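A short write-up of the structure that comes next.
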Amino acid sequence: MSVFDEDLFLKGLEQRKTTLGAEYVEKNLATADDFTRPFQEAMTAWCWGFGWGDDVIDAKTRSMMNLSMIGALGKMTEWETHCRGAINNGVTKEEIRAIVHVIGIYCGVPQALECFRVAKKVLEES
């Protein structure tokens with residue numbers, strides 16, 4: 001049995017759209033099917049509603065934390081998405097560079113190079 005918290009989902013949907021862009025989020029939800037829709041809904045409620053839904057840590061700081069963690073995991077598709085979101089949340093080019101430096105120190109130069117490649121692409125698109 002699945003428990004769906006509509007309020008948490010709606011709160012998460014608003015934050016997700018603010019950070020990642022309404023077009024991106026709406027496309028993800030529209031293309032979700034019976035197989036992927038439950039995960040999209042749960043992730044929106046849990047990650048964005050619960051995880052991002054309070055005022056304890058501001059959105060810019062959360063974005064910086066996400067870039068660090070996702071970069072450390074080497075999940076570059078998600079890193080690219082969250083790099084765009086970080087820019088939407090006010091993270092500067094210089095701050096992204098500093099985050100990648102930390103990734104290089106703790107996760108290795110090859111991972112930092114991957115992050116720089118993706119960040120450069122995202123920044124050129126902005």
Side-chain angles (χ1 to χ4, degrees):
M1 182 173 144
S2 175
V3 177
F4 185 75
D5 184 328
E6 182 74 19
D7 291 336
L8 201 57
F9 174 79
L10 293 173
K11 185 177 194 177
L13 185 60
E14 181 182 343
Q15 182 60 54
R16 190 176 178 201
K17 286 180 178 183
T18 298
T19 297
L20 301 180
E23 183 178 334
Y24 172 84
V25 173
E26 288 167 8
K27 179 183 174 194
N28 273 273
L29 293 172
T31 59
D33 56 21
D34 291 343
F35 184 64
T36 60
R37 186 172 299 104
F39 182 77
Q40 283 289 323
E41 292 171 348
M43 182 263 309
T44 300
W46 179 247
C47 297
W48 294 97
F50 176 77
W52 284 68
D54 61 48
D55 295 329
V56 176
I57 301 171
D58 63 274
K60 180 179 177 180
T61 302
R62 287 182 202 268
S63 281
M64 295 171 82
M65 292 167 58
N66 274 6
L67 288 181
S68 299
M69 292 182 287
I70 296 168
L73 291 170
K75 305 300 182 189
M76 299 315 296
T77 301
E78 285 300 304
W79 203 88
E80 182 175 342
T81 299
H82 281 276
C83 192
R84 285 188 185 93
I87 292 166
N88 289 342
N89 284 336
V91 179
T92 67
K93 179 179 179 178
E94 293 75 19
E95 289 167 329
I96 292 170
R97 179 188 309 120
I99 291 165
V100 176
H101 289 172
V102 172
I103 291 168
I105 292 165
Y106 288 97
C107 303
V109 171
Q111 189 55 39
L113 291 172
E114 287 294 314
C115 290
F116 271 121
R117 282 186 195 103
V118 172
K120 187 171 167 102
K121 174 186 169 198
V122 170
L123 289 164
E124 287 173 353
E125 293 171 356
S126 298

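Since we're looking at a predicted model, the values are computed, not measured.
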**Message:** Within a 6.0 Å radius of atom CD on Gln40, are there more than 12 heavy atoms belonging to other residues, nucleotides or ligands?
**Reply:** yes

Return the minimal non-hydrogen interatomic distance between [X] and [Y], and the atom names on each side.
| X | Y | answer |
| --- | --- | --- |
| Ala112 | Val100 | O-CG1, 3.4 Å |
| Ile96 | Cys83 | CD1-SG, 4.0 Å |
| Pro38 | Asp33 | CD-O, 4.3 Å |
| Arg37 | Ala32 | NH2-O, 2.8 Å |
| Val118 | Met76 | CG2-CE, 3.7 Å |
| Ile99 | Ser68 | CG2-OG, 3.6 Å |

For residues [X] and [Y], determine if any side-chain heavy atom of one lies less than 4.5 Å from a side-chain heavy atom of the other.
| X | Y | value |
| --- | --- | --- |
| Thr18 | Asn88 | no |
| Ile87 | Leu123 | yes |
| Glu95 | Leu67 | no |
| Arg16 | Asn28 | yes |

Please name all residues satisfying side-chain contact (heavy atoms from CB on, under 4.5 Å) with [X], sequence neighbours left out, ordered by chain then number.
| X | value |
| --- | --- |
| Lys17 | Leu13, Ala22, Val25, Glu26 |
| Lys121 | Glu80, Arg84, Glu125 |
| Asp54 | Val56, Arg62 |

**Request:** Would you please test Met64 and Val102 for side chain to side chain contact (heavy atoms under 4.5 Å, CB included) and show each step?
**Result:** CA-CA 11 Å; Met64 295 171 82; Val102 172; over 6 Å; no

**Asked** Does the pair Glu23/Lys27 count as a salt bridge with the N-to-O cut at 4.0 Å?
**Response** no

**Request:** Give a yes or no on whether Met43 and Leu10 share a hydrophobic cluster (residues Ile, Leu, Val, Met, Phe, Trp, Tyr; joining criterion: side-chain heavy atoms under 4.5 Å apart).
**Result:** yes

**Asked** Leu20, Val91: one ILVMFWY side-chain cluster at the under-4.5 Å cut-off?
**Response** no

**Item:** Gap separating the CG atom of Leu29 from the CD atom of Glu41, nearest 0.5 angstrom
**Value:** 8.0 Å

**Request:** Output the distance between atom NZ (Lys120) and atom NZ (Lys93), rounded to the nearest 0.5 Å.
**Result:** 7.5 Å

**Request:** Decide whether Asn66 and Ser63 meet the rule of one side-chain donor and one side-chain acceptor closer than 3.5 Å.
**Result:** no

**Message:** Any side-chain to backbone donor/acceptor pair from Gln111 onto Gly108? Under 3.5 Å, distance only.
**Reply:** no

**Prompt:** Is the backbone of Gly74 close enough, under 3.5 Å, to the side chain of Trp79 for a donor and an acceptor to pair up by distance?
**Reply:** no

**Complete:** Sequence neighbours excluded, the answer for ring-ring contact (aromatic ring centres under 6.0 Å, His included) partners of Trp48 is Trp52, His82

**Request:** Quick one: list whatever passes ring-ring contact (aromatic ring centres under 6.0 Å, His included) with Phe50, sequence neighbours left out.
**Result:** Trp46

**Asked** Which is it for Ile57 and Met65 under the side chain to side chain contact (heavy atoms under 4.5 Å, CB included) test, yes or no, and what are the steps along the way?
**Response** CA-CA 10 Å; Ile57 301 171; Met65 292 167 58; 4.2 Å; yes

**Message:** Once ring-ring contact (aromatic ring centres under 6.0 Å, His included) is applied, what residue pairs with a partner in residues 7-43 remain, sequence neighbours excluded?
**Reply:** Phe4-Phe9

